[in-house]
Amino acid sequence: MSIVTVERTVLAKNDEIARQNRSLFASLGTYVINVVSSPGSGKTTLLERTLERLTDRLSIAVVEGDVQTDIDARRLERFRIPTAQIVTNGGCHLEANLVRDAIARLPLSGVKLLVIENVGNLVCPSNYDLGEHDKVVVLSVTEGAEKPLKYPAMFQRASVLVINKIDLLPYVDCRLDELRANALSINPSLKVFEVSATKGNGVDSWCDWLSTKALTP
Amino acid sequence: MHELSIARAIATIVCDLVPPSDRPHIRNVTVDVGHVSGIVPDSLSFCFEALSAELSLPPHALVIRRVPFRCYCRPCATEFSNDSGIVLCPSCGSADTEVRSGRDLRVATIEIAESNQDRT
Ligand SMILES: Nc1nc2c(ncn2[C@@H]2O[C@H](COP(=O)(O)OP(=O)(O)OP(=O)(O)O)[C@@H](O)[C@H]2O)c(=O)[nH]1
Ligand SMILES: [Mg+2]
Ligand SMILES: [Zn+2]
């Protein structure tokens, strides 16, 4: 019997392409976020509110990841910013090579902020580095305060948590302080925002944080 | 269900390292899967089995070692563990802790039968 010692990260190939993406972003001076959540937590709605506030302050591009259809990308057409759609055809997450191919189609020169909206899924995208600087996890209050404990991998790897749909707090059995404490118990360094993407509450402070990140080299 | 793409990544590593003529003689592919890695071991085995035929890998070669979640508290110098990946120290409440294992997703070793005797 011969034993080959491998000791190699399963996703080493993906991680290598992610590193290449990251050095491309560094050379362009583009700050990149990877926005993840369960389906329907409000990623695209938050992005719409964000673009409304930031497109005249800084140059932004978007990569939209979806299992099927370009509905989300079409929602962003009115902003007239560079947008690339990735349709994964059933794939439950984006991988670094898909992002590499998508950004090759985008005019990124001068772009300060690239937003990647990942496929709606709170589990799978957590393992795949895309080359982003920060992972932003969006969690809506309708999903329940215990979700960070049930999906720890995502909350560990994220640096920002946006708690969305706070306008629905009166109607759901979810305590904000409990949600926040659960998330911080998994990842004490999480930066937390509380917003209503439809009503606009809290969106300004999220946008201020984001534009500072994008404009600080 | 990203276990299929994880299984494919494992198979790719195996095929990179083991020449085609040796692949049918692989006994074990040992993979370390952390308790909070977001991977479901049973689905991973299932997906590996499904992929094995097209790659001429033995279907039951995958051996999954579950790596427990372990965390170390710097202020009180204790190690603790739990099922949810909580990093707050249960004794002193500190968040100044360091995850030592449990997020792993790694191919550890590949065992190949060499002699004719092994290969029977
Ligand atoms: N009440 C309320 N509804 C919201 C809020 N944000 C989003 N929604 C609604 O939630 C639904 C899903 O929002 P999307 O923005 O499409 O969610 P998403 O995360 O992009 O969804 P996928 O890309 O399909 O995963 C829509 O009907 C939104 O109008 C909010 O702050 N409050
Ligand atoms: Mg969307
Ligand atoms: Zn302690």
Side-chain angles (χ1 to χ4, degrees), chain A residues 1-18 36 65 67 88-98 118-129 135 137 146-158 180-190, chain B residues 1-14 16-18 22 25-40 43-44 69 71 82-90 93-97 99 102-115 117-119:
Chain A
M1 200 76 76
S2 83
I3 299 184
V4 184
T5 305
V6 185
E7 293 302 336
R8 193 187 292 181
T9 315
V10 169
L11 295 176
K13 279 224 167 77
N14 180 82
D15 295 346
E16 175 53 32
I17 299 171
V36 293
V67 175
T88 62
N89 284 314
C92 51
H93 58 272
L94 293 180
E95 299 189 10
N97 63 321
L98 297 174
N118 215 311
V119 177
N121 184 324
L122 209 44
V123 182
C124 311
S126 72
N127 293 109
Y128 296 85
D129 183 8
K135 257 190 195 62
V137 56
E146 80 293 357
K147 284 303 172 289
L149 303 179
K150 283 186 154 178
Y151 301 95
M154 190 64 91
F155 289 83
Q156 271 158 19
R157 290 174 175 88
R180 207 182 306 114
N182 285 343
L184 292 171
S185 76
I186 298 293
N187 180 353
S189 57
L190 268 179
Chain B
M1 258 298 285
H2 62 318
E3 279 78 1
L4 185 59
S5 74
I6 301 289
R8 192 165 278 130
I10 293 171
T12 306
I13 292 177
V14 174
D16 275 355
L17 296 171
V18 182
D22 283 348
H25 308 297
I26 292 174
R27 285 287 170 80
N28 292 321
V29 175
T30 304
V31 179
D32 291 330
V33 175
H35 195 82
V36 288
S37 63
I39 304 295
V40 180
S43 335
L44 184 58
F69 172 72
C71 200
N82 56 64
D83 280 345
S84 10
I86 292 174
V87 297
L88 300 183
C89 174
S94 172
D96 180 17
T97 57
V99 174
R103 297 176 178 177
D104 323 59
L105 186 54
R106 191 175 49 243
V107 179
T109 56
I110 304 170
E111 268 180 61
I112 307 164
E114 255 179 338
S115 65
Q117 210 173 4
D118 282 347
R119 289 181 176 185

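Quick note on labels: first sequence line is chain A, next is B, and so on, each numbered from 1. None of the values given here were measured: they were computed from a predicted structure.
- In summary, of the residues considered (B:Ile86, B:Asp83, B:Val99), a side chain to side chain contact (heavy atoms under 4.5 Å, CB included) with B:Phe69 occurs for B:Val99 alone.
- For a residue to count as touching a neighbouring chain, one of its non-hydrogen atoms must lie under 4.5 Å from one of that chain's; by this rule B:Asp16 touches chain A with the side chain only.
- Side chain to side chain, A:Ser189 and A:Asn187 meet the donor-acceptor criterion of an N or O pair below 3.5 Å.
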Query raised in the report: Should B:Asn28 and B:Thr109 be marked as a side-chain contact (heavy atoms from CB on, under 4.5 Å) after you check the CA-CA gap, both sets of side-chain angles, and the distance that decides it?
Result: CA-CA 8 Å; B:Asn28 292 321; B:Thr109 56; over 6 Å; no
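- Both the backbone and the side chain of B:Ile110 have a heavy atom closer than 4.5 Å to some heavy atom of chain A.
- Remark: A:Val123 engages A:Asn121, A:Tyr151, B:His2 in a side chain to side chain contact (heavy atoms under 4.5 Å, CB included) (not counting sequence neighbours).
- Each of A:Pro188, A:Gly91, A:Ser185, A:Ala12 has some count of heavy-atom pairs under 4.5 Å with chain B, and the biggest count is that of A:Ser185.
- With a 4.5 Å cut-off on non-hydrogen atoms, B:Thr30 does not touch chain A at all.
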